[in-house]
There are 2 protein chains.
Amino acid sequence: MDAFPVTYGVPVDDLTASRAPSKVTLVDIARLAGVGVGTASRALSNAKNVAPATRARVLRVAEEHNYVVSPEASRLAKGNTGRVALVVPHLSRWFFGSVVEGLDSVLREAELDVLLYQVGDARDRRDFFDRLPARRKVDAVVVVGFQVEDDERTRMETMGVHIVAAGGQSAAYPSVHIDDYEASRQAVDHLLHLGHTRIGMLEAVDPDQPNLSATRSPAYYDALERAGIPADPTLVVTAPWGGEHGAASMGRLLGHAEPPTAVFAHSDEVALGAIRTLRRAGLRPGDDVSVVGIDDHPMAELTDLTTVRQRPVEQGVIAGRLVLDLLGGGVAPQASTTLPTELVVRGSTAPPLRR
Amino acid sequence: MDAFPVTYGVPVDDLTASRAPSKVTLVDIARLAGVGVGTASRALSNAKNVAPATRARVLRVAEEHNYVVSPEASRLAKGNTGRVALVVPHLSRWFFGSVVEGLDSVLREAELDVLLYQVGDARDRRDFFDRLPARRKVDAVVVVGFQVEDDERTRMETMGVHIVAAGGQSAAYPSVHIDDYEASRQAVDHLLHLGHTRIGMLEAVDPDQPNLSATRSPAYYDALERAGIPADPTLVVTAPWGGEHGAASMGRLLGHAEPPTAVFAHSDEVALGAIRTLRRAGLRPGDDVSVVGIDDHPMAELTDLTTVRQRPVEQGVIAGRLVLDLLGGGVAPQASTTLPTELVVRGSTAPPLRR
DNA sequence: ATCGGAAATGGAAACGTTTCCAGCGCTTCC
DNA sequence: GGAAGCGCTGGAAACGTTTCCATTTCCGAT
């Protein structure tokens with residue numbers, strides 16, 4: 001990204017120059033159909049109190065002249081935007097793309113438009129909450145995979161903009177997420193059940209998602225403790241999120257005086273990085289060192305990676321429904337939905353070798 | 001996805017119920033600042049012909065009262081939408097997510113809003129071009145990774161909506177893409193230079209992207225012919241896109257009476273599926289059978305996959321600039337940009353074993 | 001026949017901007 | 001000293017809907 005500066009020469013104002021030629025308006029349609037504009041509007045918007053014959057005539061005329069309502073005018077008169085903002089840190093990552101996929105399908109079905117906002121870093125994010133919402137461009141905001149600060153949330157609320165979280169928990173607004181602690185426990189318990197006692201962890205931190213690792217490593221420590229195994233902090237390596245960093249971290253573990261026989265990785269991508277390091281070191285994943293991740297990334301299946309499955313598309317779908325609930329105005333939607341995770345055992349984990 | 005029906009109980013009309021409480025309008029600001037609405041508008045929109053003192057006063061009052069313009073009203077008066085539609089087949093795939101990432105960064109910088117439309121299959125796509133959605137909601141449409149039919153394009157144009165293609169070529173509208181033929185040639189030539197003479201191909205078809213494989217397999221045949229190697233159609237296996245299908249196709253090749261010593265896969269995901277099959281068959285990728293893909297998916301690096309790199313984020317960025325050009329109205333933008341691809345040699349390819 | 005009420009209709013007001021146009025006070029130049 | 005010009009300003013018109021309200025029409029019931 002950094003290689004491609006995004007500044008561009010055209011002044012913003014000039015962008016307003018182009019214009020659509022389609023000039024047929026509701027008034028035209030009404031005149032052509034021989035009805036008043038009120039009736040024409042009602043006919044087109046499926047309102048009641050329009051005679052079937054009249055409606056048919058209006059619709060036919062509209063069709064013939066390729067009439068389409070002006071969303072601007074319609075929204076202005078109606079007083080709402082019909083739009084929802086999706087705020088996503090990294091679109092190119094499988095997890096986020098999948099959540100958005102789920103969200104999009106539900107929101108489109110409800111005839112809502114989806115406005116996309118990618119907020120890579122904290123600055124982008126500040127920007128978003130400062131500018132857009134304040135601009136009354138949307139009725140609701142869905143944040144994917146991160147938390148909204150209290151002051152940001154307050155501002156949104158005073159503007160009448162709803163907030164929903166997908167792939168991240170919050171007490172302050174409705175959210176859909178997995179139980180990170182539980183997922184991590186499933187992964188570590190699996191290694192324990194296989195008989196491993198020397199278990200490392202590859203912890204990933206994302207400066208923009210500080211709270212994620214915060215629940216995954218405690219689960220690791222707790223699981224070990226419950227199994228009566230003393231935790232060894234030198235077996236926990238922390239690095240930024242991503243396969244490359246996973247690979248490097250695994251390298252550090254291999255350099256340990258007494259290396260682990262199994263490793264719990266923060267995510268599948270991290271785990272796959274670790275596996276590359278193992279292979280390059282001449283070790284067989286699963287046979288020599290067990291590796292388990294979290295996500296069930298499509299690559300996990302292809303690479304025989306044991307993992308804890310979550311379903312991001314489903315998270316998106318449910319978050320989308322929360323948005324509809326909120327916009328429907330009626331029922332107070334369930335504050336928080338926790339989706340189950342599921343251990344998927346593949347070839348990258350096995351009992352430890354006898355020594 | 002299919003497990004989660006997207007229909008929802010709230011009638012669309014009811015979604016219009018909620019409303020923003022922020023009721024301070026331009027007229028209020030003008031009154032409070034003691035100026036006319038015209039002047040207030042000019043002051044806020046940075047127009048000229050406003051006395052510095054007046055502008056300052058208006059801005060201060062607006063700030064104090066948390067004034068924000070109504071985009072609906074503004075757009076209605078101005079006559080343009082300030083929005084661009086992104087039409088994408090599969091958001092959760094790395095390639096598409098990355099292109100959108102690039103597009104988003106450029107368009108946001110220009111203060112344009114990005115409307116997302118996911119069109120999984122041909123029906124969705126028809127729908128998109130048929131129904132009003134794009135019609136007057138956007139100033140331009142960017143299609144990612146597929147072609148627009150001629151009649152669809154014509155309709156868009158008569159509505160004054162610009163079209164740009166990212167990750168797919170077209171003669172009819174501006175586009176950014178790689179040279180698929182050349183990329184395929186690079187991959188196959190690499191295998192030939194290593195000394196392979198028995199080279200298979202895993203061809204992927206996507207019902208929604210029919211034209212992709214159309215250029216990759218001809219390149220394969222041509223490269224072999226140029227090397228004086230008779231093509232063997234039984235070494236070309238065609239299947240839907242995806243790792244699972246790649247794995248199955250590789251299985252078929254292994255069952256061949258005289259299996260290939262190297263395989264050119266349509267994409268990295270397909271290649272990784274093939275590699276899983278090789279591993280399960282006890283074969284070492286690179287040593288026993290060479291595999292090369294196309295994309296340089298992040299996983300390629302982690303799995304030591306030789307591949308032909310393309311840069312989807314860059315494609316998105318350039319496509320975004322094309323949109324700005326078009327909207328700027330001035331210069332006719334360059335019709336078509338072909339980005340270079342680059343062979344990246346890793347561990348999955350090596351000279352054939354001596355027999 | 002007449003009446004009451006529901007259904008259908010036309011028109012106007014409202015939504016909140018931007019932009020055009022005319023006016024007004026100053027300077028500046030004959 | 002007057003006319004021309006310029007910078008700034010206020011107000012009105014326009015943008016294209018939706019919705020409210022008053023009116024008309026239609027129908028069955030009395």
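A note on names: the letters A, B, ... follow the listed sequences, proteins ahead of strands, and every chain is numbered from 1.
In this entry the distance linking NZ of B/Lys78 with P of D/dG16 reads 16 Å, nearest Å. For A/Arg31 and C/dG10, the CZ to C1' distance is 16 Å, given to the nearest whole Å. One atom, CZ of B/Arg75, and another, C1' of D/dC15, lie 14 Å apart when rounded to the nearest Å.
Overall bending of the helix from C/dA1-D/dT30 to C/dC30-D/dG1, expressed as the angle between end axes built from five pairs apiece, is 50° (10° steps).
Defined by atom type and a distance below 3.5 Å, a donor-acceptor pair is present between the side-chain atoms of B/Asn80 and B/Arg75. There is no side-chain donor-acceptor pair under 3.5 Å between A/Thr337 and A/His177. A/Asp113 and B/Tyr117 form a side-chain donor-acceptor contact under 3.5 Å, judged by distance and modelled atom types alone.
Comparing B/Leu76 and B/Arg42 by the nucleotide of DNA chain D that holds the closest heavy atom to each, the one mapping nearer the 5' end is B/Arg42. Comparing A/Val37 and B/Ala73 by the nucleotide of DNA chain D that holds the closest heavy atom to each, the one mapping nearer the 5' end is B/Ala73.
The pair B/Glu152-B/Arg125 meets the salt-bridge criterion, with a side-chain N (NZ, NE, NH1 or NH2) lying under 4.0 Å from an Asp/Glu carboxylate O. Salt-bridge formation is not detected for the pair B/Arg126/B/Glu149: no Lys NZ or Arg NE/NH1/NH2 atom is positioned less than 4.0 Å from an Asp or Glu carboxylate oxygen.
At C/dT18, one or more side-chain N or O atoms of B/Ser41 fall inside 4.0 Å of OP1 or OP2 (strictly under the cut-off). For B/Thr25 and C/dT17, the shortest distance from a side-chain N or O to OP1 or OP2 is below 4.0 Å.
Minimum interatomic distance between B/Ala166 and B/Val99 (heavy atoms only, all atoms of both residues): CB-CG1, 3.8 Å.
Looking only at side-chain heavy atoms (C-beta outward), A/Leu116 and B/Val100 come within less than 4.5 Å of each other.
Relative to the side chain of A/Thr39, the nucleotides D/dT19, D/dC15, C/dG10 differ in distance, and C/dG10 lies closest.
Nucleic acid contact for B/Ser74: sugar-phosphate only, since backbone atoms but no base atoms lie under 4.0 Å from a heavy atom of the residue.
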*List the steps and the verdict of side chain to side chain contact (heavy atoms under 4.5 Å, CB included) for B/Leu86 and B/Leu115.*
CA-CA 6 Å; B/Leu86 264 40; B/Leu115 232 39; over 6 Å; no
Using a cutoff of under 3.5 Å, can you pull out all pairs of nitrogen or oxygen atoms linking the protein to nucleotides 5-8 of chain C, with atom names and distances?
none

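Separation of atoms CZ (A/Phe96) and CD (A/Glu101) is listed at 15.0 Å; rounding is to 0.5 Å.
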